[in-house]
> 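What follows is a structure written as structure tokens; I'll ask about it next.
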Amino acid sequence: MEDYIVEMRHITKRFPGIVANDDVTIQIKRGEVYALLGENGAGKSTLMSMLFGMYEPDSGEIIINGKSVKMRSSNDATAHSIGMVHQHFKLVDNYTVAENIVLGMEPKKRALGIFPMVDMKKANEEIAELSKTYGLEVNPTDKIEDIQVSVRQRVEILKMLYRKADILIFDEPTAVLTPQEIEFLLKIIDGLRQSGKTIILITHKIEEIRRIADRCAILRRGKLIDVLDVKSTPSQEMANLMVGREVSFQAHKSEGKFGDVVLDVQNLTVQNSAKFDVVKNVSFQIRAGEIFAVAGVSGNGQTELSDAVYGMLKAHSGSVRLMGKDITDLSIRERCESGISYIPEDRHHTALFLDFTLGENLAIRRYYKEPFSKKGILKFDEFNRNADEVIERYDIRSGQGRKTTVRSMSGGNQQKAIVGREIEEHSDLIIFVQPTRGMDIGAIENIHRQILAERDRGAAILLISLELDEIMELADTIGVIYNGELLKIAPADTLTSMDVGRYMMGVKDA
Amino acid sequence: MEKVFIDGLSFAMPLLVMAIGAIYSEKSGITNLAVEGFQGFGAFVGALVAVILMPTLGDGSQTVIYIAMVAAFIGGGIYAILHALLCINFRANQTISGVVINILGTALTAFLTSTANKIMNGDSSNKFILGVCDRFTIPGLSQIPVIGGFFKNMYAFEFIIAGIAVAAWYLMYKTRFGMHLRACGENPQAVDAAGGNVARTRFIAVMLSGALSGVGGICFAYSISANFSPSIYMGYGYLAISAMIFGNWNILPTAAVCLFFGLAKSGGYQLCLNMGLPSNYSDIFMMLPYVLTLILLVFFSKKNHPPKAVGEVYDKGKR
């Protein structure tokens, strides 16, 4: 009989309107790296949240070390030596590394022999020791708000180890890391396995599973599809099982045919509200039919750059020219009409009116012009005609077609609606910011195809993405932004993802 | 000049204890505009206990004052349960809950005071006559030139509040409870994941906030006004909130701001007397702390860092 450290038997969990897990059974062996693969919404995180005590299953049984247990809170999980690194870190920003790690189980001492107090000196020593043992370098007295994302992740890992967890759950741990940091993390995970820990890895990246996982469970729409031995299964098969149909890994990108310069940004500097330069003296050009991708770690000025091109932020100095015309001081509407489309990063905040209908949202770019309105009166027939057309063309799925309130639609379909609306403008320049954020393989494939189609039509495309894979796949030219500066601009085929990753960390050319 | 220091400090200390209360609540993540109501209700309970005990223990008895302070502490704490229930258990909007509790406090104490008076001595006055707390002068320290004034004619409660302030600082920054409390106001999800109980910590913090405000209220009643009526607390709770904000939600700087407010108030009053202005001008000088508040707001608002999660209803399921 196998030595299973964790078994989850016949787990079913329903949320209003959705079955998140439908009779899922998984068995995890002691000391293995077990991957949960699935698209967004497949139920991976829900399943693990139940193991970690954040939800209780509607039915089914959790067995740890051969004993049936009830997980009512994260305390129960900790008591059973289960730890979890959540996708969104659960850290207190203005606390130190050590304070965060010991939170909830602080070492105590008595001041003057009477007053109980937290022994931070001991905590700092313990953390330094722990950090050395596992090769997870942190400075216990640094504040969380001052350290990088990758270090924060180490803090989360140390938090589990401090609680003596043997079963470590990682929820999409590489989503926020650069290639070098991913390398490092995978080594850490491997090291943890060698020291006898059992690891559960939630991911939708097959490459990572390939690298470190022993076995892999595939979930699709809440159901367990298969459990595979990673070594003997080809990646293509995993991808097909995950999506439920044949998927192609490579978008078919044709040879680029570049035309005239469409967007010409010269010495652009943008300041944030604190008068701090967030984009520093940036210059670049995009030609017709070219995808110019800006790579960089989140928060290095890429959002501000795109906002300044679109006019949501004012340029502090420098110029932006579109088709030779200076648009630096134009309003957003004037820029739109000069030929810019914009797919912003935060679709709820900037791109949609969530409580308007899909039809209204699809007309929002042109509602004030004929034929959508005449003499200030809106023409709803035209709204409807336009909506049906776009919905059809871009395969936007929703409950009640154009009458659906956008809020009730899935993120992927909301994004399709935005992309459809913006592409229908046939603009000279299209700005895509994080166009596939939070979307799954099928939807990503679809959006990538559309971006390439627009490029082939002859549009200039400014693509800003945190996903390096996406940039490597689509870009004709790559600009790497670090700390507000474009450190490197080069044709995509002259750079490897490792090169780009290095520039993203701020390494300059020698 | 001495008078400015004496009065300044005796106004600053009750303000500080209320501000510390507000800090506890807000650091745990619950917006607290209810300080005004807490202090009023706490002071009412304290004063009620005092007038009940005075016939037996004697009108001038100082013991009554200490018992009244304990009663105000408990009364304020109990009244604060209302705010805690609304904000934590029923997920009400915390700003609205605070305002409602203030309005309710004024109405409730007015009604209860006149009812109690009617039962006890037949007239339905809305006042409890209390008397004034004893004063002490610290030998030695009070001889220091200029600042010696701080140590002259001190009310007994000033020492108690100083003690409370030190204990509150210690609890907030040195103990487990304090560490959890501050974490609840920054990132409650982190506390939850670490096995802490966000709701319970916040509940205790709000109750403590009410209790400390109650102490502040009864101290005002025993110093400035020498009686309790719903009209004696007029905006001091809000002043305590602004002291907390200028003090950046930290106890030490908040203490400095309270002292500053106290000195501004007593200094303004003395200035008015020294210039020999008619008494109706004194009202203008009494505005000084509030005018200063407005000016300070302009300079300090940008640099402030309120607790990140303050005012947010904590939802366990939120990711």
Side-chain angles (χ1 to χ4, degrees), chain A residues 15-16 45-46 49 52-55 72-79 83-96 98-112 114-120 123 143-145 152 155-156 159-160 162-163 169 171-172 273-275, chain B residues 23 26-29 163-202 205 248-251 253 299-310 312 314-319:
Chain A
F15 289 117
S45 292
T46 310
S49 296
F52 191 62
M54 298 176 72
Y55 308 124
R72 288 204 184 77
S73 74
S74 51
N75 278 339
D76 292 342
T78 307
M84 182 162 179
V85 175
H86 299 268
Q87 193 174 1
H88 303 287
F89 300 153
K90 297 189 185 277
L91 297 171
V92 182
D93 284 351
N94 63 354
Y95 276 27
T96 67
E99 282 172 332
N100 267 288
I101 293 172
V102 301
L103 188 70
M105 39 195 325
E106 302 85 353
K108 279 197 286 192
K109 67 171 178 191
R110 288 189 179 274
L112 310 171
I114 333 169
F115 304 110
M117 62 191 286
V118 176
D119 191 349
M120 272 326 292
K143 281 198 173 170
I144 296 296
E145 58 200 359
R152 291 182 198 190
V155 175
E156 285 281 19
K159 215 158 112 184
M160 300 191 293
Y162 185 78
R163 288 165 165 70
I169 308 169
D171 190 354
E172 303 272 2
S273 53
K275 301 261 177 229
Chain B
I23 290 174
E26 299 230 332
K27 278 271 185 193
S28 82
I164 292 177
V166 173
W169 176 85
Y170 166 82
L171 183 64
M172 176 84 89
Y173 290 101
K174 295 290 163 193
T175 65
R176 268 188 173 191
F177 174 76
M179 213 166 134
H180 288 195
L181 186 144
R182 286 179 291 130
C184 282
E186 289 291 327
N187 187 351
Q189 274 83 11
V191 178
D192 201 31
N197 188 331
V198 178
R200 191 176 63 200
T201 307
R202 287 182 166 181
N248 213 353
W249 287 263
N250 286 325
I251 292 176
F299 291 105
F300 281 82
S301 298
K302 273 182 198 158
K303 288 185 189 149
N304 268 339
H305 298 285
K308 256 191 208 137
V310 72
E312 271 175 36
Y314 175 54
D315 182 359
K316 240 183 166 181
K318 189 182 134 190
R319 284 193 257 182

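These values consider heavy atoms only, across backbone and side chains, with no hydrogens, waters or symmetry-generated copies. Reminder, nothing fancy here: chain letters follow the sequence lines and each chain counts from 1.
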> Output the distance between atom CG (N94(A)) and atom NE2 (H305(B)), rounded to the nearest 0.5 Å.
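Reported to 0.5 Å precision, the distance equals 10.0 Å.
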> Quick check on F52(A) against chain B: is it the side chain, the backbone, both or neither that has a heavy atom closer than 4.5 Å?
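Only the side chain of F52(A) comes within 4.5 Å of chain B.
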> Under a 4.5 Å cut-off applied to non-hydrogen side-chain atoms, are M179(B) and M117(A) in contact?
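Heavy-atom side-chain distance check fails, nothing below 4.5 Å.
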> Please list, in residue-number order, every residue in residues 163-174 of chain B that has a heavy atom less than 4.5 Å from any heavy atom of chain A; write 'none' if there are none.
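The stretch touches chain A at Y170(B), K174(B).
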> Looking at residues at least two apart in the chain, or sitting in another chain, which of them share a side-chain hydrogen bond (donor to acceptor under 3.5 Å, both in side chains) with Y95(A)?
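With neighbours one apart ignored, the set is empty.
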> Taking only residues two or more places apart in sequence, or in another chain, which ones meet R163(A) in a side-chain hydrogen bond (donor to acceptor under 3.5 Å, both in side chains)?
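Counting only residues at least two positions away or on another chain, R163(A) forms no side-chain hydrogen bond (donor to acceptor under 3.5 Å, both in side chains).
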> Mind checking the CG-CE spacing from D192(B) to M54(A)? Nearest 0.5 Å is all I need.
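Going from the CG atom of D192(B) to the CE atom of M54(A) covers 6.5 Å.
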> Given a strict heavy-atom distance threshold of 4.5 Å, which part of Q87(A) is in contact with chain B: side chain, backbone, both, or neither?
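It is neither, since no heavy atom gets under 4.5 Å.
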> Specify which of T78(A), N100(A), V102(A), D93(A) makes the most heavy-atom pairs with chain B at under 4.5 Å.
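It is D93(A).
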> When the side chains of residues 193-201 of chain B are checked against the rest of the protein, which donor-acceptor pairs come out under 3.5 Å, sequence neighbours left out?
residue : atom : partner : partner atom : Å
N197(B) : OD1  : A199(B) : N            : 3.3
N197(B) : OD1  : R200(B) : N            : 3.1
T201(B) : OG1  : N197(B) : O            : 2.8

> Do you know which two heavy atoms are closest between P116(A) and T175(B), and how far apart they sit?
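The pair with the smallest heavy-atom distance is O-CG2, 3.5 Å.
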> Would you say the side-chain atoms of R176(B) pair up with the backbone N or O of E106(A), donor to acceptor, closer than 3.5 Å?
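At least one qualifying donor-acceptor pair exists.
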> Measure L103(A) against the heavy atoms of chain B and call it side chain, backbone, both or neither at under 4.5 Å.
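Answer is both: backbone and side chain atoms of L103(A) are under 4.5 Å from chain B.
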